[in-house]
Asks: 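Mind looking over this structure? Questions follow.
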Amino acid sequence: MYISVIIPTYNPNIERLLSAINGLRTQTISPDRWELIIVDNNSTKDFSGRIDLSWHQNSKIVQEKHQGLTYARVKGFSEAKGEIVVLVDDDNILDKNYLHEVLEAFNDKPDLGAIGGKSIPLFETSPPPWLSEFLPSLALRDLGERVIIDKWENKYPDASPIGAGMATRKQSLESYIEKVSKNNSTITDRKGNSLGSSGDNDIILEVLKSGWRVGYFPSLVMHHIIPKERMQVEYVARLINNTNKSWIQLLESHGINLWARIPYWTVPLRKIKSWFVYRAWQNKVNYIRWRGACGAYDGLSDINYPVKYHL
């Protein structure tokens with residue numbers, strides 16, 4: 001099978017992007033087995049002259065003017081020639097065997113639609129102690145040394161891969177690409193100043209609902225660069241706030257949301273009450289938890305479906 005590696009990027013930090021590219025350069029499978037597609041998602045500054053892709057004859061930079069990670073990914077999918085697509089963020093460094101392990105997994109299990117593995121932090125500075133609770137929200141995870149395979153059972157599976165390092169069969173993406181192309185998706189992932197996500201979760205749900213299975217493979221190891229600015233209280237609070245809101249919207253769009261809608265006029269009251277419930281003034285962790293709850297309230301008041309209101 002042939003692999004297409006896609007790196008969506010917007011005004012990238014060049015040093016981190018170069019680290020991601022160097023991680024790909026050291027892959028153990030031959031370059032003629034895979035291609036590299038960098039999607040410039042309407043960056044305000046040209047970065048093409050600052051990176052060297054001459055080592056890979058099957059590499060290119062393409063443009064996507066429609067702002068948003070979702071559109072950048074779909075652009076990459078449309079350009080991809082491979083049967084397998086691997087999504088790499090511009091701050092991800094894949095271990096040298098990553099693409100080889102991807103091929104092994106898909107060759108071994110023909111009903112797998114999407115897979116992922118470990119996302120290990122590479123902190124640019126020492127992380128503050130309070131950050132440990134929120135590491136999964138920074139696209140970091142380690143589910144242990146056991147392979148986990150899941151299928152569609154009207155819920156979001158634990159083994160579902162995160163967007164960073166996700167590998168999919170291109171065939172399994174057909175329903176997702178069609179949905180986005182027809183503007184039937186309300187989940188557009190990160191866009192501009194918004195930190196809302198769930199775009200990768202949307203991909204997974206479409207893959208599962210199309211009859212494919214998903215899996216976690218511990219042999220797939222990736223290092224995720226975490227800069228100092230992503231370890232600040234306000235950034236993490238805004239990230240979890242935006243993520244919680246988009247998560248509820250995602251579940252609702254797929255008919256698996258378990259929470260009932262709340263009237264919009266109750267949202268300010270709920271936020272005030274939860275300020276005291278979470279004791280948000282006491283410390284950084286409580287404050288971030290409170291901001292996350294506020295995001296959930298915003299999500300539950302924004303979704304539009306006919307259910308009985310409750311307080």
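What's counted below: heavy atoms across the whole structure, side chains too, no hydrogens, waters or symmetry copies.
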Asks: Apply the salt bridge (charged side-chain N to carboxylate O under 4.0 Å, His left out) test between D298 and each candidate in R270, K271, R291, R261; give the one that qualifies.
Replies: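 With D298 as partner, salt bridge (charged side-chain N to carboxylate O under 4.0 Å, His left out) holds for just one option, K271.
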
Asks: Mind checking whether M1 and V214 sit in one hydrophobic cluster, side chains of I, L, V, M, F, W, Y counted as touching below 4.5 Å?
Replies: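 Result: no, two separate clusters.
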
Asks: Rounded to the nearest 0.5 Å, what separation is found between the OH atom of Y278 and the NZ atom of K273?
Replies: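 Those atoms lie 11.5 Å apart.
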
Asks: Surrounding NZ of K118 (heavy atoms of other residues, nucleotides or ligands, distance under 6.0 Å), is the total greater than 12?
Replies: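 Check passes, neighbour count above 12.
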
Asks: Checking H223 against D95 for the side-chain contact (heavy atoms from CB on, under 4.5 Å) test, could you report, in this order, the C-alpha distance in whole Å, the side-chain angles of both residues, the deciding distance, and whether it holds?
Replies: CA-CA 8 Å; H223 289 82; D95 274 12; 3.4 Å; yes

Asks: Looking only at side chains, do W290 and S274 share a donor and an acceptor under 3.5 Å apart?
Replies: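 S274 and W290 do have a side-chain donor-acceptor pair below 3.5 Å.
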
Asks: State yes or no: do I6 and V74 share one hydrophobic cluster built from I, L, V, M, F, W and Y residues joined by side-chain heavy-atom distances below 4.5 Å, directly or via other members?
Replies: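 Yes, because I6 and V74 connect within a single hydrophobic cluster, where side-chain heavy atoms sit under 4.5 Å apart.
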
Asks: For side-chain contact (heavy atoms from CB on, under 4.5 Å), just list the numbers for L94 and V221, CA-CA rounded to whole Å, side-chain angles, deciding distance to a tenth of an Å, and then say yes or no.
Replies: CA-CA 7 Å; L94 304 186; V221 181; over 6 Å; no

Asks: When you check the side-chain N and O atoms of E234 and Y287, is any donor under 3.5 Å from an acceptor?
Replies: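 Side-chain D/A pair, E234 to Y287: present.
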
Asks: Does any donor atom in the side chain of H224 or D91 lie under 3.5 Å from an acceptor atom in the other side chain?
Replies: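 Short answer, yes.
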
Asks: Any heavy-atom pair between the side chains of K65 and N41 that's under 4.5 Å?
Replies: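 No - every pair of side-chain heavy atoms lies 4.5 Å or more apart.
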
Asks: Over 60° means perpendicular and under 30° means parallel, so tell me whether F77 and Y176 are parallel, tilted or perpendicular.
Replies: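 If you compare the ring of F77 with that of Y176, the planes turn out perpendicular.
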
Asks: Can a side-chain donor-acceptor contact be found between D40 and T9 if the only test is distance below 3.5 angstrom?
Replies: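 Note: T9 and D40 side chains miss the donor-acceptor criterion.
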
Asks: Indicate, with yes or no, if Y216 and I120 share a hydrophobic cluster defined by side-chain heavy-atom contacts under 4.5 Å among Ile, Leu, Val, Met, Phe, Trp and Tyr.
Replies: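 Different hydrophobic clusters.
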
Asks: Under 3.5 Å, is there a donor-acceptor pair linking the side chains of D202 and H254?
Replies: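 Yes, side-chain donor-acceptor contact under 3.5 Å.
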
Asks: Could you please spell out the steps behind the side-chain contact (heavy atoms from CB on, under 4.5 Å) verdict for N42 and Y71?
Replies: CA-CA 11 Å; N42 203 30; Y71 304 110; over 6 Å; no

Asks: Hey, quick one: are L173 and W212 part of the same hydrophobic cluster, counting side-chain heavy atoms closer than 4.5 Å, chains of contacts allowed?
Replies: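 Yes, because L173 and W212 connect within a single hydrophobic cluster, where side-chain heavy atoms sit under 4.5 Å apart.
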
Asks: Taking side chain as C-beta onward, heavy atoms only, is I7 less than 4.5 Å from V39?
Replies: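 SC-SC contact between I7 and V39 ruled out.
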
Asks: Just wondering, more than 12 heavy atoms not from K209 lying within 6.0 Å of its NZ?
Replies: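 Check passes, neighbour count above 12.
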
Asks: Flag the pair Y156 / W247 as yes when their ring centroid distance falls below 6.0 Å, and as no otherwise.
Replies: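 That pair passes the under 6.0 Å test.
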
Asks: Is the ring pair W34/W55 parallel, tilted or perpendicular, if the boundaries are 30 and 60 degrees?
Replies: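 If you compare the ring of W34 with that of W55, the planes turn out tilted.
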
Asks: Take a 6.0 Å sphere around CD of Q282 and say whether it holds more than 12 heavy atoms from other residues, nucleotides or ligands.
Replies: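 Result for CD/Q282: enclosed.
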
Asks: When you check the gap from the basic side-chain N to the acidic O, do R213 and D111 get nearer than 4.0 Å?
Replies: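 Yes.
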
